[in-house]
Visitor: 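Just passing along the structure, written as structure tokens.
All figures in this text were calculated on a predicted structure; none of them were measured in a lab. Each chain gets a letter, A, B and so on, in the order its sequence line appears, and its residues count up from 1.
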2 protein chains.
Amino acid sequence: MTATPTPRVTIKDVAARAGVSKGAVSLAFNHKPGLSEATRDRIFRAARELGWAPNLTARTLAGSRVDVVGLAVCRPARMLGLEPWYMEFVSGVESVLAEHSCSLLLRLVRSLDEEVGVQAAWWRGRQIGGSILVDFRADDPRVDLVERLGLPVVAVGHPSLTGGLTSVWTDDATAVTEAVRYLAALGHRRIARVGGAADLGHTSIRTAAFDEAAGALAPAGAWQVATDFSGDAGARATRSLLTAAPPDRPTAIVYDNDIMAVAGLSVAAEMGLRVPQDVSLLAWDDSQLCRLTHPTLSAMSHDVHGFGAEVARTLFSVITGSGEAESHPVPTPVLTPRGSTAPPGIRV
Amino acid sequence: MTATPTPRVTIKDVAARAGVSKGAVSLAFNHKPGLSEATRDRIFRAARELGWAPNLTARTLAGSRVDVVGLAVCRPARMLGLEPWYMEFVSGVESVLAEHSCSLLLRLVRSLDEEVGVQAAWWRGRQIGGSILVDFRADDPRVDLVERLGLPVVAVGHPSLTGGLTSVWTDDATAVTEAVRYLAALGHRRIARVGGAADLGHTSIRTAAFDEAAGALAPAGAWQVATDFSGDAGARATRSLLTAAPPDRPTAIVYDNDIMAVAGLSVAAEMGLRVPQDVSLLAWDDSQLCRLTHPTLSAMSHDVHGFGAEVARTLFSVITGSGEAESHPVPTPVLTPRGSTAPPGIRV
DNA sequence: CCGCACTCCTAAACCGGTGTAGTGACGAGT
DNA sequence: ACTCGTCACTACACCGGTTTAGGAGTGCGG
């Protein structure tokens, strides 16, 4: 373990080698005017020879931009691991951050209050240049916090939840409606929905949209259950929905994520119900998981990676204040039919 | 958007309010000797009243500890989203970091070379105080890098892969052997293994262990396939294993992660084979997913969250140099039998 | 009464950059 | 010949902490 004491090379060394002042090096590396091409070249050459790159810490302290973006996620660890959505989202965010040599500061928090504290501390301490806010609730305290702090953020959520914050969202209401329409078109008249955590804003939106759509299109019955997104909860919900005698039992179930749909599939099997003949199942998000079950899961499908990338891009325009940081939706999830949905009552 | 210009409160303000010098405040907040209890109290009171907390950036620049830990993950985004292991691991790491008010700098990289660059840049730029290294390969370039840099790290991987680095690992060889023994004890004589990415060190270890164990215990046949950990690859591998006519077909398959086992389950169903009657399936890691399938998946089970926590704890002792930063294994995965394994050939 | 050790605290020099005011040189305008 | 303006660059004060060397006050032995 010969821990060679890394020979720290600083801006001063580069300046000396290029025969200029620190200031000149700084100007060169920030692509600011006031330097001749010749000097600029000389500086870059010296830097390359010394293997120098500006120290982000010092740069931050000196008051310029911060090259770190914050993301605090507030969901129990158990659920996170299984929710493919997050990692896909993060990887989408990263893909854009990397282009700007920007890093992601990630924190798992246990409550919204803790997140509020973390975001405030990060911002006050100049740890981050901006933040991505996810999982909005009704009357979310982060809306106020952000305005009080002046923290540049992009809110992931429908504008009705995110106050005046710049937001990027998926149009869940339309997607839910499309899901219900599809099932109704197949002939289903008794439709259920296994929703996510009730306190999450997008859950309410989906719930309301389902109410409306199913009220009109599923005259024989519409049910909704709130869960915590976990597979176990999805299994429980499915079990209770399917134990009713046939006339009171839904013939189709929409899930709020893939995991619960997988769990639902397994419950159906365990109860001796065939999918899709006896009951149709529709997943949400459409991760790879949907193609790994038997039957494969029909799903409301969207590009989560691309969503993350778009959020990151928007955050950059918020941070740089480059005007075009408008709130906007990303493409609405589209229905991808697979093996788990069919007209009701079919015996193949 | 009334961006209130946050009133930055610095150490100077606290010092002024407490009637002492900046240095005194610094001493107090770092719990260093040289201050009377009275003064100390006065300082803390002033800080509390002003809502001040030391600025990490400045603190870092001034050469003291860095409260950020790096983690670069090198796997394609598609796979990451589905691999429950990572998020669970990260959440375990976080749980310990949080206790030390330390953050996680996360980066998804596309190659080992890129990771080497990222780690070097982070360390040279004092962005991190230490790093967690995962997914070791044979002759991993990070071993040298770390020693050259003097970067404090904990390597997640068997010592045979991680050179002299402090490492924490799961004893995969023993676990694989146990898995094979269990299947053999059930009566299986033709056993296959669907492994992960061949270039990963822990895959080789498992492969070798399987070779040895299955060579002895599965005289009628032992197969191994390398994949990329994705469900699709798992499905393909399973399909090709199961298409052989019965005498050349394995009666039990061990998978290197849960996703592939789920995929395998679906392939078996699609081919009309019953699990576990016609073929037994054994998953690895034992995320919630294993309890969401039908039949439920038997698995080699371990506490990934706890693993992450232990890695973080070890990293802290490496960073502080508090002697006891010894390499050590965490508990070996244990067999958790569920519905997907049974003696071969049983017709229920 | 002086020297000495010890405690408690301050001033000032850092850390590695950024921003700004200011300097010298050079060309143009009159 | 004397301004005036630009251009290219430097010197130096920051950012918000940490860390030293050292000073003022106190207690104690000789």
Visitor: Checking side-chain contact (heavy atoms from CB on, under 4.5 Å) against A/Q119, which of A/V109, A/L145, A/V146 comes through?
Guide: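 With A/Q119 as partner, side-chain contact (heavy atoms from CB on, under 4.5 Å) holds for just one option, A/L145.
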Visitor: Tell me, please, the opening and closing nucleotides of DNA chain D, 5' to 3', among those with an atom under 4.0 angstrom from a non-hydrogen atom of chain A.
Guide: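 The contact span of chain A on DNA chain D goes from D/dA8 to D/dG16.
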Visitor: Nearest 0.5 Å please: distance from the CH2 atom of A/W52 over to the CD1 atom of A/I43.
Guide: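 Going from the CH2 atom of A/W52 to the CD1 atom of A/I43 covers 9.5 Å.
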Visitor: In terms of the angle between their ring planes, are A/H100 and A/F316 parallel, tilted or perpendicular, with boundaries placed at 30° and 60°?
Guide: parallel
Visitor: Is there a donor-acceptor pair under 3.5 Å between the side chain of A/N30 and the backbone N or O of A/K32?
Guide: no
Visitor: Based on the rotation axes of five pairs at each end, what angle does the helix from C/dC1-D/dG30 to C/dT30-D/dA1 bend through, to 10°?
Guide: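 The two end axes of the helix from C/dC1-D/dG30 to C/dT30-D/dA1 meet at 70°.
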Visitor: Begin from the C-alpha positions of B/S101 and B/D67 and carry the test side chain to side chain contact (heavy atoms under 4.5 Å, CB included) through to its verdict.
Guide: CA-CA 7 Å; B/S101 24; B/D67 298 306; over 6 Å; no
Visitor: If I compare all heavy atoms of B/E94 with all of A/L106, which pair ends up nearest, and what's the gap?
Guide: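 Closest heavy-atom pair between B/E94 and A/L106: OE2-O, 2.7 Å.
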Visitor: Please assess A/L104 against A/V90 for the test side chain to side chain contact (heavy atoms under 4.5 Å, CB included), listing each intermediate value before the final yes or no.
Guide: CA-CA 9 Å; A/L104 215 222; A/V90 166; 4.0 Å; yes
Visitor: Atom CG of B/L56 and atom CG of B/L61: how far apart are they, to the nearest 0.5 Å?
Guide: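 Answer for the CG-CG pair, B/L56 versus B/L61, is 12.5 Å.
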Visitor: Quick one: pull up CD in B/E114 and CZ in B/R107 and give me the separation to the nearest 0.5 Å.
Guide: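 Reported value, rounded in 0.5 Å steps: 6.5 Å.
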Visitor: For a quick check, with a 4.0 angstrom heavy-atom cut-off, what is the B/S/- contact string for nucleotides 9-20 of chain C, read 5' to 3'?
Guide: BB----BBBBS-
Visitor: Looking at CZ of A/R42 and CG of A/L35, how far apart are the two atoms once the value is rounded to the nearest 0.5 Å?
Guide: 9.0 Å
